[in-house]
Structures are given as C-alpha cells and as structure tokens.
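Labels below follow one simple rule: chain letters A, B, ... track the order of the sequence lines, proteins then strands, and each chain is numbered from 1. Only a predicted model underlies this, so the values are computations on that prediction, with no experimental measurement involved.
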Amino acid sequence: MPQIGGFANCSGLKSSGLKNFRLSSAHAALLVIYWLLSMLDIQLLRSQPEQVTARLAARGYQFDAAQFAALEEDRKQLQTRTQDLQAKRNSLSKQVGVLKGKGEDASSVLAEVAGLGDELKANEAALTDLLARINAFVSIIPNLPHESVPVGASDVDNVEVRRWGTPRVLDFEEKDHVDLGAALGGLDFETACKISGARFAIMKGAMARLHRALAQFMLDVHTGEHGYTEVYTPYLVNAESMYGTGQLPKFEEDLFAVPKADGGKFYLIPTAEVPVTNMVRDEIVPLDKLPLKWVCHTPCFRSEAGSYGRDTRGMIRQHQFDKVELVQMVEPSQSWEAHEQLTRHAEVILERLELPYRRMALCTGDMGFSSAKTFDLEVWLPAQKTYREISSCSNFEAFQARRMQARLRNAQGKNELLHTLNGSGLAVGRTLVAVLENGQQADGSVVIPQALRPYMGGLEVLVPAL
RNA sequence: GGAAGCGUGGCAGAGUGGUUGAAUGCACCGGUCUUGAAAACCGGCAACGUCGUAAGGCGUUCGUGAGUUCGAAUCUCACCGCUUCCGCCA
C-alpha cells in the first residue's frame, strides 16, 4: 500500500497561520505568498501574459494583464528595497557581534543600524500589504484549459466523445424514480423534508440496501480490478484543505460550515476529492511511490445555493449524497494517460450496471475552476429522456498541487509539483436513480442489474408493495 | 478535567542571545579501492522566494503567530499539536 512519508504528523505546521485566509499579520501574508502564491505558475503569468490572457479568455475569464504588470512592477521595487535593507541590517548586526566578541566598542555601528529601523519596518509592512493584494488578484484565476479542450461558452458547446449502450424502448408509460421509489416503498422525500428540509431523502428496506450495494460494488471493482487503495477520511475539513483543492476562496457559498468552539470552523466536504487530495499537501512523494491511486466512499454536502428551482424533484440534486471518488497523484508526464484511464475506470462501472451513457468533453466555458480538462459521463434517464451527469473526471495538472505544495522528488533528486486527477466513480445517488429508471418494468417493478445481485442477497427484482 | 514534559533538516539527535541554515550519526548521491559486491576512505547533500543571460548574490524559514533586541532555534506571551501520569468514560 502506498505510504506518504510523514503525513501522519498532523501538527498543523505551516498551515495554521492561514486560518480563514484573513491576512491578519505580516507573516501570514508572506507565508501565503511564498507557499501558495498562485494556482497558475506565477512565472508564466510574468513571462507570457498574452498567451495566458488568450487561454483564459477562452474559458470566459478576463485576465487584466495590465493591472498584473503594474502590481508586479511595484512588487519588484518594494521587495528589492526591503531585502536590501534586511541585508544591511543583518550584516551590521553581525558586525556588532564580532566587535562585542572582541570586547571593542560597537556604538557607532549600533547607531547606524538604528537608523534603518523605521524605513525597514515601513517597507516590510508595505510589501506585506502588496503581496496580499497580488495574492487576492491571482488566487481567483482559474486553470488554463488544455489545448485539446473544445472552445465554447456553455454546456451546449460540450462535445460528445463516445456513447455506450442503447436506451431501452419502453412499450409502456415510463415512471421517474420518485414514483417508482414511492411505489416500491423505499424512497421517502416527505419524511426527509420534515426532519431536515428540502433536498434530502430517506431510503428504506431494499432501496437502502441497493444504495449500499452500489457503493460496495464500486469500491470492490476499483480496489480489486483497477488498482486503487481504499481510504476512509474525515468529512469535516479545515479551510486550508478547501483552499488546496480550489473550493476556497471563491466558492464558499457552495459549502456548509460548522462553527467550532474556538471561533474557527470546519467545512463539510462537498466531495471526497478534498480530504483525499489534501493528503499530499506539503508532502514530497518519492518517485517510486507514484502513482498514488485512492478510492474513497463518502457522503458529500453541498449547499446548492443558486440552484433554487433546479432539479427540485427527486434525488438528482441533494444537499447530502454519497459518492465513490477516484483520486490519482501522478508524475506530470503521466497525467494525460492517467486521465484517460481514470475516466475508463468510471465508465466500466456504468457498463457493468448496463446503464447507457455517453462521454462528453466539457468545453472551455463549462469546466470547473481548477480543471485543465474534464470529461463528464452522462447516464441515460428514461423519465427525463436525456443524458444526465453522473461522473466528472478531471485532470488538474499542477494547479491544485501548486497550492498544496504537493511535490515529488524526481529522478534527478529535484522536487517538482505532481499532477492531481479525480473523478466520480460514481455518484451513488444518481446511479441509484439510473438503475431504477432504466430497470423499470410495466408493473412498476425494477430489475436489479446482474452485477449487483451478489450484494443484494441474490435478489433479482424490486417489487412494489401491495 | 488536573499535573508535567516536548515540538529543530528525509530520519535520529545536538544546540539557551552574536558569522548557527544549524554539530554529529543514519539515509541518499558522486568518487577512490575491488573481478564484482560489501566494508573502508574522500567529497556532496534543506526548502521557498527574489534579483541576474549566467556565475552567483540577497531574503525568508528551527510547530504557528505576536513581542523584546542592533541581532532570536535560543528570552516573553498566546495558540496548535504530541507524550506521560492522575481523574473520568467505554
């Protein structure tokens, strides 16, 4: 089993100064700038602003190159000046030590260094402030799309890459999973609404078991056949982790937060991507441990702010849903091959479950913030007579790794950022929906896919209660 | 919850105000020797940032942050984490 040196040591280390990302002190800001500067390579922003601007424009982000250049100009000047002053102070202080060591008078040197104090302090403060502004500017820039990503503005410009399976032609009026679930007596949204609110579900009996069976099945395939190591992680994480994978600082409103007694807060994970990917934060992974391949089954919590009115019926869009997540950390040269493999790993689940799907290459305008390229897998839902997203498989290249300072030691003994990838393999709730709707029969019963039957005690059909 | 202690480089472990970015050992890399390997010996070996075409210079970092000081791994305060003992609970 892969092990990463030292990550058991969870003592907070460099990160606790970043709490809530409020740059409350000079040093915190310096740390942010030194450790986490940008999700994009800052050198690239400096050396090729035109290309960066063009590529970001393709995904609908307006990069203000002129403002960045101005900030950089100021930064360069201030930083040089500050470091000169620091160097002077250091060397004079050393002289004091030498003189005192020899028992000589150091008062003239002391007077000289005292004169530096105010200017140095002012410069340091100004630099801290400027670096914080640059960081704020740069940390909300999304990743650059890979050159193979189709250019487009929204989901209508996504490109279908392949298609598997043929939707059944039903000779009866199809039901959606809500009606099927109600008739089967296993899906209950009303009671869930009473005890929690909208966008929650209760599953009972064989339905609950089917849900569990799906997760078990997925885990078994990924661990047994695809070479992933199962991992169990916290569901509550700190702000640094959310920052590392890119949910913060930009998307706080999508998250649920839990206050802590000390005034800080935990965030509920919106996906296992967050805890799993952050396992390598501030780590340097030896080459021979790569690739790291993790599979993780967790609940996911999303506020769904801004999606009022969308998918309000049924289990498609919930505040809480289960997902089996695939995560890989690989050498940079391997990440595109890994992206294809990881996507296949998710597709295999759909095929084993006999669910028709298609693979979509997301266009530049529809991709997530951190992604360099994303394939969505969409499963056929008979009741909606359309394909709906059930998995999203992304290569982030070094984007997340840069923020997390997740590195590998290469063959030359040098540290370099590794590449991170992840994908749903699959979203369990939506898979349940797909199994119900695709397996339905005229009498409202649902045929359980062969692959799941061992997990259902041999049960072949879900039958409506009379 | 009460008491005590600890947090230094990949690891172990020195270091209590002044060329200490940090002794020493292990690990690792290169070399000598050897038919080959081991051993022995010699040499090298932190990260990040920044300036520079480069060579290299400079800055920051000893759990995190704030302070004292001309100067902090070393002193003060707060916080985080870990260990041990007692209590409590399973």
Side-chain angles (χ1 to χ4, degrees), chain A residues 3-38 41-43 45-47 71-121 123-125 127-128 130-132 134-135 138 238-240 260-266 281-289 401-417:
Chain A
Q3 276 222 325
I4 305 159
F7 76 64
N9 175 8
C10 198
S11 53
L13 293 174
K14 301 121 189 162
S15 43
S16 57
L18 303 176
K19 235 163 237 166
N20 301 327
F21 304 100
R22 218 163 280 128
L23 306 176
S24 53
S25 68
H27 232 85
L30 284 170
L31 272 174
V32 166
I33 213 74
Y34 286 159
W35 282 86
L36 302 171
L37 185 51
S38 168
D41 183 355
I42 192 85
Q43 306 297 350
L45 291 180
R46 287 171 186 155
S47 61
L71 286 168
E72 269 293 281
E73 192 48 49
D74 289 353
R75 192 221 90 231
K76 199 178 265 194
Q77 215 171 12
L78 244 184
Q79 186 163 356
T80 308
R81 179 67 186 146
T82 303
Q83 295 193 347
D84 282 350
L85 288 169
Q86 287 172 329
K88 203 163 173 188
R89 178 204 58 198
N90 289 348
S91 77
L92 287 174
S93 292
K94 268 181 186 166
Q95 283 182 39
V96 173
V98 171
L99 288 173
K100 287 202 172 173
K102 287 193 272 191
E104 293 174 20
D105 175 44
S107 56
S108 69
V109 183
L110 282 173
E112 195 181 346
V113 76
L116 293 175
D118 287 347
E119 192 188 354
L120 180 56
K121 252 187 189 138
N123 271 277
E124 283 177 338
L127 179 61
T128 295
L130 181 61
L131 291 179
I134 294 177
N135 195 45
V138 107
N238 54 32
E240 294 93 305
K260 290 199 286 184
D262 66 3
K265 57 182 157 182
F266 285 126
R281 173 150 52 88
D282 292 325
E283 298 294 331
I284 299 173
V285 184
L287 199 55
D288 60 9
K289 298 279 194 259
R402 185 170 295 110
R403 292 207 139 172
M404 297 191 298
Q405 284 299 303
R407 291 167 291 174
L408 65 98
R409 202 180 306 284
N410 68 21
Q412 289 73 45
K414 289 286 176 197
N415 299 333
E416 62 179 306
L417 297 167

Legend entry - Spacing of the C1' atoms in B:G9 and B:G25 (rounded, Å): 14 Å
Inset, instruction - Send over the distance from A:Ile284 CD1 to B:C11 C1', rounded to a whole Å. - result: 14 Å
Legend entry - Nearest-Å distance for atom pair CG/P, residues A:Leu131 and B:C48: 18 Å
Inset, instruction - Using the C1' atom as the reference point in each nucleotide, state the distance between B:U34 and B:C48 in Å, no decimals. - result: 43 Å
Legend entry - Base-pairing assignment for B:U50 (Watson-Crick or G-U wobble, both under 3.5 Å): B:G57
Inset, instruction - Ignoring backbone atoms, establish whether A:Arg407 has a side-chain N or O less than 4.0 Å from OP1 or OP2 of B:C48. - result: yes
Legend entry - Distance in angstrom units between A:Ile134 CD1 and B:U50 C1', rounded: 12 Å
Inset, instruction - Would you mind reporting whether A:Asp84 and A:Thr80 have side-chain heavy atoms less than 4.5 Å apart? - result: yes
Inset, instruction - Rounded to whole angstrom, note down the C1' distance from B:G71 over to B:U60. - result: 16 Å
Inset, instruction - Would you mind reporting whether A:Arg75 and A:Leu71 have side-chain heavy atoms less than 4.5 Å apart? - result: no
Legend entry - Distance in angstrom units between A:Lys289 NZ and B:G10 P, rounded: 16 Å
Inset, instruction - Take atom CG of A:Leu85 and atom P of B:C70, then tell me their distance rounded to the nearest Å. - result: 17 Å
Legend entry - Distance below 4.0 Å between A:Asn90 side-chain N/O and B:G71 OP1 or OP2: no
Legend entry - Complementary nucleotide of B:A27, counting Watson-Crick and G-U pairs under 3.5 Å: none
Legend entry - Shortest non-hydrogen contact from A:Leu85 toward A:Leu120: CB-CD1, 3.5 Å
Legend entry - Inter-nucleotide C1' distance (B:G30, B:A73), Å rounded: 32 Å
Inset, instruction - Starting from the 5' end of RNA chain B, give me the residue, A:Leu92 or A:Lys88, whose nearest nucleotide shows up first. - result: A:Lys88
Legend entry - C1' spacing across the pair B:U50 / B:C33, given as an integer number of angstrom: 45 Å
Legend entry - Spacing between A:Leu120 atom CG and B:C70 atom C1', to the nearest angstrom: 12 Å
Legend entry - Rounded distance in Å between the P positions of B:G63 and B:C6: 13 Å
Inset, instruction - Could you check which of B:G59, B:C48, B:G18 has an atom nearest any side-chain atom of A:Gln405? - result: B:C48
Inset, instruction - Determine the minimum heavy-atom distance between A:Val113 and A:Ser93, stating which atoms define it. - result: CG2-OG, 4.4 Å
Inset, instruction - Decide, yes or no, whether a salt bridge links A:Glu72 with A:Arg46 under the criterion of side-chain N to carboxylate O below 4.0 Å. - result: yes
Legend entry - Partner nucleotide of B:G36 by Watson-Crick or wobble geometry (both distances under 3.5 Å): none
Legend entry - CD1-CD1 distance between A:Ile134 and A:Ile42, expressed to the nearest 0.5 angstrom: 7.0 Å
Legend entry - Sidechain N-carboxylate O distance under 4.0 Å for A:Arg81, A:Glu119: yes
Legend entry - Heavy atoms of other groups near A:Gln43 CD, more than 12 under 6.0 Å: yes
Inset, instruction - Please figure out whether A:Ala87 or A:Val113 has its closest RNA chain B nucleotide nearer the 5' end. - result: A:Ala87
Legend entry - Spacing of CG belonging to A:Leu110 relative to CD belonging to A:Gln95, to within rounding of 0.5 Å: 10.5 Å
Legend entry - side-chain N/O A:Arg89 vs B:U60 OP1/OP2, d < 4.0 Å: yes
Inset, instruction - Let me know the distance between CD of A:Glu283 and C1' of B:A47, rounded to the nearest Å. - result: 14 Å
Legend entry - Inter-nucleotide P distance (B:U53, B:A47), Å rounded: 24 Å
Got a list of protein N/O to nucleotides 51-55 of chain B N/O distances below 3.5 Å?
| from | atom 1 | to | atom 2 | distance (Å) |
| --- | --- | --- | --- | --- |
| B:C51 | OP1 | A:Arg75 | NH2 | 3.1 |

Inset, instruction - Could you tell me whether the side chain of A:Gln83 has a donor or acceptor atom within less than 3.5 Å of a complementary atom in the base of B:G49? - result: yes
Legend entry - Euclidean distance for P, B:C77 against B:C85 (whole angstrom): 28 Å
Inset, instruction - Take the protein atom CD of A:Gln86 and the nucleotide atom P of B:C58, then report the distance between them rounded to whole Å. - result: 13 Å
